[in-house]
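Just the heavy atoms: all of them, side chains too, but no hydrogens, waters or symmetry mates, feed the values below. Here is how names work: the chains are called A, B, and so on, in the same order as the sequence lines, proteins then strands, and each is numbered from 1.
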Amino acid sequence: MIKEQIQKILDSCFIEGVKQELWSDGAAGSYTVELPKHASQGDYSTNMAMIMAGREKKNPRELAAQLTAKLSEHTELFDKVEIAGPGFVNFFVRDDVWQSVIKPVCDQAYTYGSSEIGQNKKVLVEFVSANPTGPLSIGHGRQAVLGDSIARLLEATGHDVTREYYYNDAGRQMRVLGQSTRARYMEILGLESDFPEDGYQGEYIYDIARKLVAEKGDSLKDTEDVVPFKERAEQEIFANITDTLARLDIKFDSYYNEHSLYEKGLVDDVVVNLREKGLVYDLDGAVWFKTTEFGQEKDRVIIKSTGEPTYRLPDIAYHREKLRRGFDWLVNIFGSDHIATVPDVLAGIRALGYDDSKVTVVLHQFVTLTREGKQVKMSTRKANFITVDELFDEVGPDVIRFFFLMRKADSQLEFDLDLATRESQENPVFYVQYANARLRSIQKKAVEKNITRIPLEKASLDKLTLPEEMNMLKALAAFPELVESAALDLSPHRIIFFLMDLAGQFHSYYNRHLVISDDPELTQARLWLAESLRIVFHNGLRLVGLSAPESM
RNA sequence: GCGCCUGUAGCUCAGCUGGAUAGAGCAACGGACUUCUAAUCCGUAGGUCGCAGGUUCAAAUCCUGCCAGGCGUACCA
């Protein structure tokens, strides 16, 4: 908000200069207000003079001097305005402007940082979307946490968010799951069984088979049909998955079954539609989609010669359906192994006459697991992977969420099992939560000492003059902008880094200065600062689904 | 071969649409608890931002070419 004020003032000075013919309007829209790295360079700076100089072949420092003269008149906001370096103009904002940020923070309390920039735009966030063939692995965990945190950020910025889980219970994978379950069932009964070569070897299949034996005895032993086995396995595994997600405080608004697309004829309809447009053809008994017309290297099969569709076809139908359901923005969270599907789906919806710019795909790289400094290899089929559940039992939801959010999606994420499970105290999540708990503790102490906060209007906030205090106030002021950009860029990791930075500032301040001191006026001012810090810690933690404990 | 992602301190990673002296945590070393929680703090040390060119007043950031790693490149999902 302070940044916006500065931008406005800067714009008006720019226009004024154009009218006075000090410079042309060539630089309009290309100069920026930015945050300098060093305190000596002010609170904000602008590169306007250098941009103008580049276009007009004038001396940047001369232009900067003229700009500075205009800006210096705004004493309601600035202490001073300086020219520096090659032609930067640095703004030094008055202390009382920073001090005044406490009021909106405390007034808005748990809504501080939220906004309406999303304008109620309907967003569908699709994530996890794992087929029910086994428990959620660490890789799914990253996706679950990433998707849910992105959804939370979008909600906080005024979007109308739907969380959706898309799955397929009809494909080859599921048939193998049914066969695997049947084989284990027979095995438990002591009967001959043929475990499929590429079957699911996890212990959980035995659990499901045991339940079947307990419920049905050997009544299924002559059933050649794998469907009852598949259905039972699916039911159990899905219950397990939703339970795991619930433990992480992740809930979906809808589960979309791929099968329903076939039932409604929506898959066939895509083919008919594309055929009308001349974008599909038959070759070698298969049906091909002319993806080359959309900039790709080669055409792709959408229906195999066996008559079965490839994954592309239902995916295209599904995405068209999302758009038909009235969503303005489709956010898909995919693992990097799904890269190949993205261009096909985009080409598909474009071919069908829909706007593919409404689709944003967040691709996250893989999670590598290390234990004792060595990488652990994982495979769902061989069931030698670590599940989200197992991890949960060892470290709890906050550590899981925090670990997965500490990296941007583009980076491969190394999950150090020793660090996560061993000494949980070394974990940075506690560093942030501890700051929140300490702030609460200060407030409790004040109550014990019978010190109650006087109304904010009566507090002498001008007592907050320490550099540490000014820096924290500046961070508080920047929080709403941060939430906005983290939401629009779908980058929850920025919230994490902000919180770690602010926690560092606060811990340092805490060790050096007393909030509750002999000076009653100063104590009041600092108690209000503490309250606004606590609010921002709370809001930041909740925004990415972390808890904000009051004591630790 | 081609496409996407990554390469920044010993390790794990930030660095927003190019900006002025590249940051943090861990690990290492030395300090701080009769004061609001030491799950904390203070200090020291650590860098040719993979390499080479180019664009720009300004490049870790943009462009090109190499090198290294990951994921894809199926009539598997």
> When rounded to the nearest Å, what value does the distance between P atoms of B/U8 and B/C13 take?
Replying inline: 9 Å
> Is the NZ or CZ atom of A/R350 positioned over A/F294's six-membered ring, under 6.0 angstrom from the centre and within 45° of the axis?
Replying inline: no
>> Side-chain N or O of A/K408 versus OP1/OP2 of B/C16: is the shortest distance under 4.0 Å?
In response: no
> Is there side-chain contact between A/F403 and A/L413, with at least one heavy-atom pair below 4.5 Å?
Replying inline: no
> C1' atom, B/A77 versus B/G47: distance in rounded Å?
Replying inline: 44 Å
> Side chains of A/E469 and A/Y509: donor-acceptor distance under 3.5 Å anywhere?
Replying inline: yes
> Hey, where does RNA chain B pair up into stems, meaning at least three consecutive Watson-Crick or G-U pairs with distances under 3.5 Å?
Replying inline: B:1-7 with B:67-73, B:10-13 with B:23-26, B:28-32 with B:40-44, B:50-54 with B:62-66
> Distance check: side-chain N/O of A/S508 vs OP1/OP2 of B/C42, anything under 4.0 Å?
Replying inline: yes
> Does any non-hydrogen side-chain atom of A/R312 lie less than 4.5 Å from one of A/F289?
Replying inline: no
>> Can you work out whether A/V515 or A/S485 has the more 5'-proximal nearest nucleotide on RNA chain B?
In response: A/S485
>> Strictly under 4.0 angstrom, non-hydrogen atoms only: write out the protein contact profile of nucleotides 70-77 of chain B, one letter per nucleotide from the 5' end, B, S or -.
In response: BBSSSBSB
>> One pair to check against salt bridge (Lys or Arg N to Asp or Glu O under 4.0 Å): A/R172 and A/E308. What are the steps and the verdict?
In response: CA-CA 11 Å; A/R172 197 187 65 86; A/E308 281 180 304; over 6 Å; no
> For the pair made of CG in A/L502 and P in B/C41, what is the distance, rounded to whole Å?
Replying inline: 13 Å
> Rounded to the nearest 0.5 Å, what separation is found between the NE2 atom of A/H338 and the CD atom of A/Q143?
Replying inline: 8.0 Å
> B/G30 and B/G65: how far apart are their C1' atoms, nearest whole angstrom?
Replying inline: 48 Å
> How would you label the contact of A/A437 with the nucleic acid (heavy atoms, under 4.0 Å): base, sugar-phosphate, or nothing?
Replying inline: base
> Are A/L499 and A/Q433 close enough that some pair of their side-chain heavy atoms sits under 4.5 Å apart?
Replying inline: no
>> A side-chain contact here means heavy atoms from C-beta on lying under 4.5 Å apart; do A/D519 and A/K463 qualify?
In response: yes
>> Can you confirm whether or not the ring centre of A/Y165 sits under 6.0 Å from the ring centre of A/Y255?
In response: yes
> Below 4.5 Å, heavy atoms only, C-beta onward: do A/Y318 and A/E258 meet side chain to side chain?
Replying inline: no
>> Within the 4.0 Å heavy-atom criterion, would you say A/S551 contacts the bases, only the backbone, or no part of the nucleic acid?
In response: base
> How close or far is atom C1' of B/G3 from atom CG of A/D410, stated in whole angstroms?
Replying inline: 15 Å
>> Please determine whether a side-chain nitrogen or oxygen atom of A/R438 lies at a distance below 4.0 Å from atom OP1 or OP2 of B/A38.
In response: yes
> Looking at side-chain heavy atoms only, is the closest gap between A/I6 and A/V93 below 4.5 Å?
Replying inline: yes
>> Heavy atoms only, 4.0 Å cut-off, all strands: where does A/H513 land among base, sugar-phosphate and nothing?
In response: base
>> If I take atom NE2 in residue A/H493 and atom P in nucleotide B/U6, what distance separates them, rounded to the nearest angstrom?
In response: 12 Å
>> Work out how far the P atom of B/U48 is from that of B/U55, and round it to whole angstrom.
In response: 26 Å
> If you measure from the C1' atom in B/C67 to the same atom in B/G31, how many Å do you get, rounded?
Replying inline: 45 Å
> Do A/P492 and A/L153 touch side chain to side chain, with heavy atoms closer than 4.5 Å?
Replying inline: yes
> Should B/C33 be called syn or anti, with syn set as within 90° of 0?
Replying inline: syn
> Does A/S411 put a side-chain nitrogen or oxygen below 4.0 Å from OP1 or OP2 of B/A14?
Replying inline: yes
> Expressed in whole Å, how much space separates the P atoms belonging to B/C5 and B/C26?
Replying inline: 32 Å
Can you check nucleotides 18-21 of chain B for protein contacts, nitrogen or oxygen pairs under 3.5 Å, and list what you find?
| from | atom 1 | to | atom 2 | distance (Å) |
| --- | --- | --- | --- | --- |
| B/G19 | N7 | A/N47 | ND2 | 3.3 |
| B/G19 | O6 | A/N47 | ND2 | 3.2 |
| B/A20 | OP2 | A/K37 | NZ | 3.0 |
| B/A20 | N6 | A/S45 | OG | 3.3 |
| B/A20 | N6 | A/N90 | OD1 | 2.9 |
| B/A20 | N1 | A/N90 | OD1 | 3.2 |
| B/A20 | N1 | A/N90 | ND2 | 3.2 |
| B/U21 | O2' | A/H38 | NE2 | 3.1 |

> Expressed in angstrom and rounded to an integer, what is the separation of A/M500 atom CE from B/U40 atom P?
Replying inline: 13 Å
>> Expressed as a whole number of angstroms, how long is the span from A/Y510:OH to B/A38:C1'?
In response: 10 Å
> Can you tell me how far C1' in B/U61 sits from the matching atom in B/G19, rounded to whole Å?
Replying inline: 10 Å
> Any side-chain donor paired with an acceptor under 3.5 Å for A/D299 and A/Y281?
Replying inline: yes
> Of the nucleotides B/U12, B/C36, B/C41, which has the atom closest to the A/Y431 side chain?
Replying inline: B/C41
>> Distance check needed: B/A39 C1' versus A/L439 CG, whole Å only.
In response: 15 Å
>> Measuring only the P atom in each nucleotide, how far is B/A39 from B/G18? A whole number of Å is fine.
In response: 43 Å
>> How many whole angstroms separate atom CG of A/L514 from atom P of B/C36?
In response: 8 Å
> If we ignore angles and hydrogens, is there a donor and acceptor under 3.5 Å between the side chains of A/H364 and A/R407?
Replying inline: no
> In whole angstroms, how far is the C1' atom of B/C41 from the CG atom of A/N511?
Replying inline: 4 Å
